[in-house]
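Notes to accompany the following structure.
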Amino acid sequence: MGKILVTGATGTVGSSVVKSLAHINADFVAGIRNPAKAKEKLGAAVPLVSFDFADLSTYAAATKGVDRVFLIGPPLDYTLDKLLAPFIDYLKNQNILRVVYLSAFGVDKISNELTFHKVVEEKLKADGFKLTTLRPTFFAQNFKNYEWDNITKYKITYTPSGSGKTAFVDIADVGEVAAKVLTENGHEGKEYVLTGPESLSYYDAAALLTEVRKEPITYPAPTPQQYTETLTQAGVPDFIAPYMITVYSMIANNQVDHVSQVIPQLLGRSATPLKTVLLQELA
Ligand SMILES: NC(=O)c1ccc[n+]([C@@H]2O[C@H](COP(=O)([O-])OP(=O)(O)OC[C@H]3O[C@@H](n4cnc5c(N)ncnc54)[C@H](OP(=O)(O)O)[C@@H]3O)[C@@H](O)[C@H]2O)c1
């Protein structure tokens, strides 16, 4: 067996995949753009290789001895499919066909311009890859990663999600699933929806944050228009609000209100509750 290349290795998901692969002593290499950031995020012992989707000259060294790839694209990029396509073509040409792709739960329901995950999945299937698709729902880590200031400074959690629900998933669970499917047989052709153990609204999340922070945190349930105005006033680039409104409309429209049993089935234990992650990251 060859090595595993982990793309996006310095990111939220990728670093969790790296941690889980290291834990089971798997043969892998972390594809990274910034060695200093990678060492800080992943530790000095993790094998690193330069890799940039946008720089074809990095592909050969990054895939030396590799026969499996954890493939993930960065967030907030409307043209993600175009960023990933040259690397997918390269993998196909090199006959490196075993790919675990990090997509998202609900992408099949988004009908407007956020179609990149669907396009990537369709390309991987059409090109004959031995594909496993991971479909996590909204990350429990979003509260720390994207809402730290809202929560700690303004005492709110602020997304255009209405009163809809989703079962926020812990990225540590996603990393463990990814490591398992990358190192075991039997997962080719599978699509795994990954969720936490209970469906929660942002009102529920605000109640948990109130408990964890030991101070009142509220959810003002902004309409898409109010959300856009707030982001504009805060000087956030214009493309962010429509992207987020589309993403969060999946919660608002009850399209991702679902608890999957894949994590318990694959890991032999319960999925981690949102409160556990909030206690780790926001207490
Ligand atoms: N947040 C959610 O709730 C959620 C839910 C479901 C699915 N998703 C999906 O998860 C993905 C985002 O994952 P994440 O949260 O782990 O992202 P993240 O923390 O922002 O990390 C992004 C990673 O991609 C790397 N990267 C960026 N541009 C690159 C390039 N041109 N070439 C190679 N690597 C590049 C970054 O490297 P540097 O460190 O060098 O910048 C970083 O390692 C998106 O596809 C999103 O749709 C998110």
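Both backbone and side-chain heavy atoms feed into the values below; hydrogens, waters and symmetry mates do not. In each ligand, atom 1 is the first atom listed, and ligand 1 is the first ligand listed.
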Ligand 1 versus A38: contacting region, heavy-atom distance under 4.0 Å
neither
Report the nearest protein non-hydrogen atom to atom 19 (O) of ligand 1: residue, atom name, distance rounded to 0.1 Å.
T12 N, 2.8 Å
Would you call E198 and K275 a salt bridge, using N to O less than 4.0 angstrom?
no
When distances are taken from atom 25 (C) of ligand 1, the protein heavy atom at minimum range is G8 CA, 4.0 Å
Ligand 1 atoms nearer than 4.0 angstrom to some heavy atom of T137 are 5 (C), 6 (C)
Note the single closest protein heavy atom to atom 16 (O) of ligand 1, along with its residue, its atom name and the distance in Å.
V13 N, 2.8 Å
Between T223 (side chain only) and Q226 (backbone N and O only), is there a donor and an acceptor less than 3.5 Å apart?
yes
Got an N/O contact under 3.5 Å between G11 and ligand 1?
yes
Who's the nearest protein heavy-atom neighbour of atom 40 (O) of ligand 1, and how far?
R33 NE, 3.0 Å
Donor-acceptor contact present, side-chain T166 to main-chain V256, <3.5 Å:
yes
Would the distance check show the side chain of Y219 and the main-chain N or O of S201 forming a donor-acceptor pair, the cut-off being under 3.5 Å?
no
Which atoms of ligand 1 sit under 4.0 Å from any heavy atom of A104?
6 (C), 7 (C)
Indicate the ring-plane relationship of F87 and Y59, choosing parallel, tilted or perpendicular according to the 30° and 60° boundaries.
perpendicular
Proximity flag G31 to ligand 1, non-hydrogen atoms under 4.0 Å:
no
Between R135 and S260, does any side-chain donor sit less than 3.5 Å from a side-chain acceptor?
no
Will you find, in the side chains of Q141 and T12, an N or O donor that is under 3.5 Å from an N or O acceptor?
no
Measure from atom 31 (N) of ligand 1 to every heavy atom in V120, D52, N34 and give the option owning the shortest one.
D52
Can you find a pair of side-chain heavy atoms, one from S163 and one from Y203, that are under 4.5 Å apart?
yes
Is the side chain of D52 donor-acceptor paired with the backbone N or O of A54 at a distance under 3.5 Å, no angle test?
yes
Can you tell me which residue and heavy atom of the protein come closest to atom 48 (C) of ligand 1, and the distance to 0.1 Å?
F139 CZ, 3.2 Å
Does at least one non-hydrogen atom of V247 fall below 4.0 angstrom from an atom of ligand 1?
no
Looking only at heavy atoms, what is the nearest atom pair of A30 and V18, with distance?
CB-CG2, 4.2 Å
Check D67 with K130, please: is the shortest side-chain N to carboxylate O separation under 4.0 Å?
no
Where's the contact between Q141 and ligand 1, heavy-atom distance under 4.0 Å: side chain, backbone, both or neither?
neither
I'd like to know if K123 and D89 make a salt bridge, using a cut-off of under 4.0 Å between side-chain N and carboxylate O.
yes
Is ligand 1 under 4.0 Å from a heavy atom in the side chain of I72, in the backbone, in both, or in neither?
side chain
Near F138, which atoms of ligand 1 are under 4.0 Å from a heavy atom of that residue?
3 (O)
Heavy-atom proximity to atom 39 (O) of ligand 1 ranks first, among T166, T10, T7, for T10
Students should be able to answer this: which protein heavy-atom is nearest to atom 47 (O) of ligand 1, and at what distance?
H117 NE2, 2.8 Å
Evaluate L102 for polar contact with ligand 1, using N/O atom pairs at a separation under 3.5 Å.
no
Close N or O approach (F116, ligand 1; < 3.5 Å)
no
Okay, side chain of Y243, backbone of L76: is any donor-acceptor separation there less than 3.5 Å?
yes
of all protein heavy atoms, closest to atom 17 (O) of ligand 1 is P75 CD, 3.5 Å
Checking contacts here: is it the side chain or the backbone of N142 that comes within 4.0 Å of ligand 1, counting heavy atoms only? Could be both or neither.
side chain
Parallel, tilted or perpendicular: which fits the ring planes of Y227 and Y158, with parallel below 30° and perpendicular above 60°?
parallel
Can you tell which of P74, G73, A30 gets a heavy atom nearest to atom 11 (C) of ligand 1?
G73
Nearest-contact summary for atom 33 (C) of ligand 1 - protein heavy atom, Å:
F53 CD1, 3.4 Å
